[in-house]
Number of protein chains: 2
Amino acid sequence: MKIVGINVKNLRKEKDLSLRGLASKVGVSASLISQLETGKVAPSLETLKKIATALDSTVSALVGENIVQTNNPFLRKADRKSLNSLKEGVQMFLLTSKDYNKQMEPLLFKLDPKASSGKAMYKHFGQEFVLIIKGTLEVMLNDVNYILRKGDSLYFNSNTPHQFKNIDRGITEAVWVVTPPTF
Amino acid sequence: MKIVGINVKNLRKEKDLSLRGLASKVGVSASLISQLETGKVAPSLETLKKIATALDSTVSALVGENIVQTNNPFLRKADRKSLNSLKEGVQMFLLTSKDYNKQMEPLLFKLDPKASSGKAMYKHFGQEFVLIIKGTLEVMLNDVNYILRKGDSLYFNSNTPHQFKNIDRGITEAVWVVTPPTF
DNA sequence: TTTATTTGTTAAGCATTAATTAACACAAGA
DNA sequence: TCTTGTGTTAATTAATGCTTAACAAATAAA
């Protein structure tokens, strides 16, 4: 019995990688990747792990252990979908499955060092809650600067002009919950 | 380079299975299981999946992917106020300063090992968002069990009956955002 | 104690297959 | 046209997953 369906093709396409591109990152032949995707061969655990890391994914996702279901309340970390980053070095991930009648929009922000929201101040309706998971974030609210470290949080109305910037040497992670949902 | 550390031994011991016992369930030789546990051989994906199901576990767990870490908008971690715990071993902290006209209520839950919400199912209005910061939380939604590990999240309507329990050996921490605020 | 199970480990060999190289057809530009 | 890039497949080889068998050590039963 052959195992079929290593989900590398979709992930590869999402990252806009060719067979040879991924193969070189992983350190195997392009032919092998093709054979995996077409279900002709099951990879070894070693290469499967390499592929997972090369795709910023997990073995779990590649072997299809994820519960996929419409209106699924559960979202595994590995299944987070990233949004188009509004600025360089700013990654945003949805913390919920799509297609849900939500009142809140929980996001995860990952900011590279020195990454910021840009010069423009954001201003919109609703409210926002920020909790720092890792790193240090500088948030400007109405010309007032707040330095948020791990565990610190912030709650403000979205119509107050706001900016933010990662002032940590490493990556800063923050849970960002917005109401109402905009994405 | 050899892959070491397929976590089958601990899981096998937990289920009080011998090498031969597990081997017969999986359909392989006891020798193979031993070689896996001692890191002499990496299993094929096919047998790895069989082992996972035989142990009521997942490939992800076996390869070790889930072990696995005043109107003032600003709230420092040290200034968090704790709420009266509704159950033993369940600590709740407000993640906002009080006296704020909020649409959301962000909380931090800290659960001692085995601590739970009790037998009664909660049911109220609004919506809830849960994100695991540390540990492992079991959440029951309408008779469906979800195992949330670090980074996993959950979004559900509050009127669906729900329970939760810390099934980690250590403390479990979760960000819990409720709308509308109730505290 | 003696005997008998049961435990986990290892050696050796086999059979499976993961992975390679090479060549292939097809499409998109230059 | 020629070139470059795409994905796929055939054939071969090298690697290794898996087996059987025998092993010592621990526990249980006689």
Side-chain angles (χ1 to χ4, degrees), chain A residues 1-66 68 78-79 81-82 84, chain B residues 1-67 169:
Chain A
M1 197 193 311
K2 182 132 305 185
I3 288 187
V4 187
I6 308 296
N7 307 324
V8 32
K9 189 161 193 172
N10 292 334
L11 286 168
R12 180 172 63 82
K13 291 292 187 186
E14 283 181 13
K15 294 208 168 282
D16 209 18
L17 280 170
S18 68
L19 286 178
R20 288 166 177 80
L22 176 59
S24 71
K25 287 189 66 172
V26 176
V28 296
S29 68
S31 171
L32 177 61
I33 306 286
S34 172
Q35 295 177 65
L36 299 185
E37 292 183 350
T38 52
K40 301 195 188 311
V41 169
S44 71
L45 262 181
E46 192 177 340
T47 58
L48 187 64
K49 284 189 175 181
K50 288 182 190 171
I51 293 173
T53 58
L55 292 174
D56 295 322
S57 185
T58 61
V59 172
S60 178
L62 292 183
V63 300
E65 272 181 344
N66 313 293
V68 178
D79 297 334
K81 301 238 167 99
S82 64
N84 297 329
Chain B
M1 198 190 312
K2 181 132 303 186
I3 289 188
V4 186
I6 307 297
N7 308 324
V8 32
K9 189 161 193 173
N10 293 333
L11 286 168
R12 180 172 62 83
K13 291 291 187 185
E14 283 180 13
K15 294 206 167 284
D16 210 18
L17 280 170
S18 68
L19 286 178
R20 286 168 178 78
L22 175 59
S24 72
K25 287 189 66 172
V26 176
V28 297
S29 67
S31 171
L32 177 61
I33 307 286
S34 172
Q35 294 176 65
L36 299 186
E37 292 184 349
T38 53
K40 300 194 190 309
V41 170
S44 71
L45 263 181
E46 192 175 341
T47 58
L48 188 63
K49 283 189 175 180
K50 288 183 190 169
I51 293 173
T53 58
L55 292 173
D56 295 322
S57 185
T58 61
V59 172
S60 179
L62 292 182
V63 300
E65 271 181 345
N66 45 9
I67 296 173
R169 291 182 183 173

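Side chains are part of it too, since the values below use all heavy atoms of this structure and drop only hydrogens, waters and symmetry mates. Keep in mind it's a predicted model, so treat the numbers as computed, not measured.
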Output yes when at least one side-chain N/O atom of [X] is less than 4.0 Å from OP1 or OP2 of [N], else no.
X: A/S44; N: C/dA18; value: no
X: B/R20; N: C/dT9; value: no
X: B/K13; N: C/dG8; value: yes
X: A/T47; N: C/dA19; value: yes
X: B/K9; N: C/dT9; value: yes

Pull out every residue in residues 27-34 of chain A that has a heavy atom closer than 4.0 Å to any atom of DNA chain C, ordered by number, or say none.
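Hits under 4.0 Å, by residue number: A/G27, A/V28, A/S29, A/S31, A/L32.
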
Atom [atom1] of [X] and atom [atom2] of [Y]: how far apart are they, to the nearest 0.5 Å?
X: A/L22; Y: A/K50; atom1: CG; atom2: NZ; answer: 12.5 Å
X: B/K9; Y: B/T38; atom1: NZ; atom2: OG1; answer: 8.0 Å
X: A/S44; Y: A/K49; atom1: OG; atom2: NZ; answer: 10.5 Å
X: B/R12; Y: B/L55; atom1: CZ; atom2: CG; answer: 9.0 Å
X: A/S57; Y: A/L11; atom1: OG; atom2: CG; answer: 5.0 Å
X: B/K40; Y: B/S31; atom1: NZ; atom2: OG; answer: 10.5 Å

Let's test your reading of the model: under 3.5 Å, does the base of C/dT20 pair with the side chain of A/Q35 as donor and acceptor?
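In this structure, the two groups form a donor-acceptor pair.
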
Can you measure [X] atom [atom1] to [N] atom [atom2] for me and round it to whole angstrom units?
X: A/K50; N: C/dA18; atom1: NZ; atom2: C1'; answer: 12 Å
X: A/L19; N: C/dT21; atom1: CG; atom2: P; answer: 16 Å
X: A/R12; N: D/dT6; atom1: CZ; atom2: C1'; answer: 9 Å
X: A/E46; N: C/dA19; atom1: CD; atom2: P; answer: 8 Å
X: A/L22; N: D/dG5; atom1: CG; atom2: C1'; answer: 16 Å
X: B/K40; N: D/dC18; atom1: NZ; atom2: P; answer: 16 Å
X: B/L36; N: C/dT10; atom1: CG; atom2: P; answer: 13 Å

Nearest heavy-atom neighbours spanning B/G21 and B/S24:
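Heavy-atom minimum between the residues: O-OG, 2.9 Å.
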
Indicate the atoms forming the closest heavy-atom contact of A/I51 with A/L36, along with that distance.
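Heavy atoms only, the tightest pair is CD1-CD1, 3.6 Å.
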
Mind checking which stems touch DNA chain C? I mean at least 3 consecutive Watson-Crick or G-U pairs, both distances under 3.5 Å.
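So far as stems of 3 or more pairs are concerned, DNA chain C shows C:1-6 with D:25-30, C:8-24 with D:7-23, C:26-30 with D:1-5.
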
Working for side chain to side chain contact (heavy atoms under 4.5 Å, CB included), residues A/L48 and A/V63
CA-CA 9 Å; A/L48 187 64; A/V63 300; 4.0 Å; yes

